[in-house]
Amino acid sequence: MNLELNIQTLVAQSVKELYKLEIETNQIQLQKTKREFEGDITVVVFPFVKAARKSPEGAGQEIGEFIVKHNSLIASFNVIKGFLNLSINKSYWIDLLNLIHLNPNFGKAETAAEQNTMMIEYSSPNTNKPLHLGHIRNNLLGFSISEIQKANGWKVVKTNIVNDRGIHICKSMLAWKLFGNSETPTSTGIKGDHLVGKYYVIFDQAFKAEIKDLMSKGFTEDEAKKTAPLIIEAQKMLLAWENNDPETRKLWEMMNGWVYAGFDETYKVMGVDFDKIYYESETYLTGKSEVERGIKSGVFTQRDDTSVWADLTADGLDEKLLLRADGTSVYMTQDIGTAKLRYDDFDIKKMVYVVGNEQNYHFQVLSLLLDKLGYSWGKNLVHFSYGMVELPEGKMKSREGTVVDADDLMEEMISTARETSEELGKLDNCTELEKAEIAKMVGLGALKYFILKVDPKKNMTFNPKESIDFNGNTGPFIQYTHARIKSVLRKADDLGLNYRNSIDNQIEISDKESYLIQLVGEFPAVVKQAGEEFSPAIIANYQYELVKEYNQFYHDFTILKEENEQLRLFRLVLSDAIAMVIKTGMKLLGIEVPERM
RNA sequence: GGUCCUGUAGUUCAAUGGAUAGAACAAGUGUUUCCUAAACACUAGAUCCGGGUUCGAUUCCCGGCGGGACUACCA
């Protein structure tokens with residue numbers, strides 16, 4: 001039985017005996033004792049003072065006496081206002097450290113023989129332009145959430161739905177056809193996704209020019225947008241694509257091929273991957289047939305112009321278009337098809353979509369539509385909705401050229417890490433290969449941590465200057481602490497010290513040290529909470545707190561030069577355990593930690 | 001107009017309904033014959049406004065005010 005549960009049980013017993021109160025043990029509030037007070041664990045006694053007809057101090061005193069009498073692990077207690085602060089025997093903490101240190105899977109839930117499958121969709125790019133900062137948050141969250149759920153005992157299938165068809169791709173294709181002069185990634189040396197993105201921009205510029213021209217001839221803006229020759233041509237291309245026109249398909253395959261090669265490179269640097277990739281071009285037909293099935297069963301209706309709609313007004317929403325009048329499908333259509341195929345392909349217990357909060361409405365509708373189509377799982381889809389990434393000067397706008405490109409940003413972070421290492425002379429004894437590896441770990445660590453430490457639900461501001469900082473509450477600070485510990489452990493190894501065995505629980509340790517063990521002991525609960533709340537930020541904040549405490553310890557105490565041999569071994573074991581938790585925790589964030597930096 | 005999200009130091013972020021609201025950055029000052037100073041320590045600074053529930057509210061509820069998203073035959 002763990003100590004917290006034990007204390008809760010004793011408190012319940014004590015209020016029953018003392019005040020004849022029946023309280024559920026899990027209703028007893030425990031918290032870590034605040035730093036400025038004596039003790040390790042605090043019982044909040046306010047909830048029962050009224051019924052006990054005692055003062056908070058009186059009740060605390062009586063309960064404290066009861067607990068100390070019945071559990072020898074509680075060394076002493078003090079009461080301040082309605083807070084009962086318990087001091088735990090140091091031997092308990094040393095025993096706990098010994099257990100943690102021997103457990104290589106510490107922090108992870110035990111995996112059941114029959115694991116449930118959670119499918120997590122993230123990334124979901126369009127193939128008409130390269131990935132940007134918004135995609136970075138999406139990818140990092142999706143990957144990290146996947147790791148966290150694995151640690152919580154789920155079998156995770158990471159998936160990606162590539163929006164490889166649609167009007168946006170046709171725009172790039174058309175622009176390339178008209179203005180491209182047969183450029184290719186090879187002929188230009190431009191990364192494939194960037195090259196296709198370039199033509200998307202060119203389309204937009206030419207389209208705008210046409211609109212302006214039409215408006216000068218007396219058309220309204222709306223009319224101009226609908227009748228400009230370029231948009232008509234792009235729509236024709238979409239139709240040709242859906243009708244399997246060989247020439248259009250060939251161009252589409254070629255340009256998408258460029259984009260995939262580019263994306264693969266970006267994903268590789270970012271360190272994210274997928275178990276199963278779906279392409280809209282392969283799922284939208286299933287979506288269409290599902291919609292047709294819906295018309296037959298009467299849940300959707302076809303209008304006179306042949307467009308198809310779902311009426312969701314009874315659910316408090318609007319009407320939703322599912323097929324255009326020209327028969328082509330929309331975003332929602334393919335999402336219906338993709339969902340169905342996924343449930344056909346896998347035994348999914350929980351389906352999670354990592355998609356920005358601007359699509360909250362979309363997923364509300366998707367869930368309802370699938371339910372109307374008769375899928376029992378429709379209402380159980382989880383939209384993991386995260387906030388926008390903004391720049392200090394506001395939203396990213398492609399028009400104004402303020403979009404932060406993913407490749408550029410990662411490269412910049414890595415080269416800055418490299419420069420900083422060199423300025424500090426940290427890697428003078430490393431090979432060129434090691435230097436490059438460490439710069440990559442640190443640069444990406446800074447970027448990833450900067451983004452993941454923020455509560456996913458909230459919008460966040462991305463300040464390039466601050467994200468590139470390596471001091472304070474940053475990824476590199478945590479990585480640095482790991483490297484420091486590893487350096488000490490290497491020296492301990494050189495000295496032939498054996499810190500693999502259990503530590504005698506009778507040695508005298510400081511409050512700082514027992515507090516560090518208490519913090520380390522919280523790790524499994526933190527992982528569990530991060531899984532339940534889908535929040536890598538909870539892991540990140542915990543890691544920072546742990547590392548900050550450790551650095552104080554490192555500063556104030558000596559490890560290798562400690563003369564008491566048992567104490568020296570204890571500090572090595574403590575350091576080793578903390579390095580282990582740092583490494584495991586950072587891995588849950590998709591961040592690697594170096595042995596030296 | 002409707003639906004949803006959000007408002008904490010100058011800035012970026014924390015705080016299961018619990019003690020004197022924590023950090024970091026930015027500013028200033030100190031610490032190295034000692035295991036990595038990418039560190040540690042010190043100084044200054046905040047809950048948008050008004051009600052309600054509660055022994056106790058940054059947190060929950062209601063009403064304002066401010067910011068954002070969605071409400072496309074875009075994705």
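Letters A, B, ... mirror the listed sequences (proteins, then strands); counts begin at 1.
Rounded to a whole Å, the CG atom of A:Asn459 is 9 Å from the P atom of B:A69. Nucleotide B:U16 holds its C1' atom 10 Å from the CD1 atom of A:Ile538, rounded to whole Å. Remark: P of B:A69 and CG of A:Asn357 are 10 Å apart, rounded to the nearest angstrom. Here B:U20 presents its P atom at 4 Å from NZ of A:Lys81, a figure rounded to the nearest Å. In this structure, the NZ atom of A:Lys528 is 16 Å from the P atom of B:U16, given to the nearest Å. Put simply, CZ on A:Phe203 is 12 Å from C1' on B:C74, counting in whole angstrom units. The CD-P distance, from A:Glu423 to B:U36, rounds to 22 Å in whole Å. Look at CD on A:Gln31: it is 12 Å from P on B:G17, rounded to the nearest Å.
Across all strands shown, B:U3 forms a Watson-Crick or G-U wobble pair with B:A69, both key distances being under 3.5 Å.
Checking the phosphate oxygens (OP1, OP2) of B:C35, no side-chain nitrogen or oxygen of A:Lys486 falls inside 4.0 Å. Contact annotation: A:Arg165 side-chain N/O to B:C74 OP1/OP2 distance is not under 4.0 Å. Taking only side-chain nitrogens and oxygens, A:Gln552 comes nearer than 4.0 Å to OP1 or OP2 of B:A41. For A:Lys453 and B:C13, the shortest distance from a side-chain N or O to OP1 or OP2 is not below 4.0 Å. In terms of phosphate contacts, A:Lys50 brings no side-chain nitrogen or oxygen within less than 4.0 Å of OP1 or OP2 of B:U54. A:Asn463 has no side-chain polar atom (N or O) that falls below the 4.0 Å cut-off from OP1 or OP2 of B:C25.
Across A:Asn138, A:Asn459, A:Asp455, a single residue satisfies side-chain hydrogen bond (donor to acceptor under 3.5 Å, both in side chains) together with A:Tyr386, and that is A:Asn138.
Summary of the strand contacts: A:Glu36 and A:Thr420 both lie near RNA chain B, and taking for each the nucleotide with the nearest heavy atom, the more 5' one is attributed to A:Glu36. Heavy-atom distances to RNA chain B give each of A:Lys32 and A:Leu560 a nearest nucleotide, and the one nearer the 5′ end belongs to A:Lys32.
At a threshold of 4.0 angstrom between heavy atoms, the contacts of A:Thr461 are confined to the sugar-phosphate backbone, with no base atom among them. Note on A:Gln479: nothing from the nucleic acid sits closer than 4.0 angstrom, heavy atoms only.
Here the CG atom belonging to A:Asn78 is positioned 8.0 Å from the CG atom belonging to A:Leu84, to the nearest 0.5 angstrom.
Nucleotides B:A27 and B:G66 have their P atoms positioned 35 Å apart, rounded to a whole Å. Comparing B:A15 with B:A19, their C1' atoms sit 13 Å apart, to the nearest whole Å.
Using cut-offs of 30° and 60° on the angle between ring planes, the pair A:Trp241 and A:Tyr284 is tilted. Using cut-offs of 30° and 60° for the angle between ring planes, the A:Phe534 and A:Phe384 rings count as tilted.
The side chain of A:Tyr331 sits closest to B:A75 out of B:A75, B:C73, B:C13.
A:Lys32 and A:Glu522 are joined by a salt bridge, as a carboxylate oxygen and a charged side-chain nitrogen come within less than 4.0 angstrom of each other.
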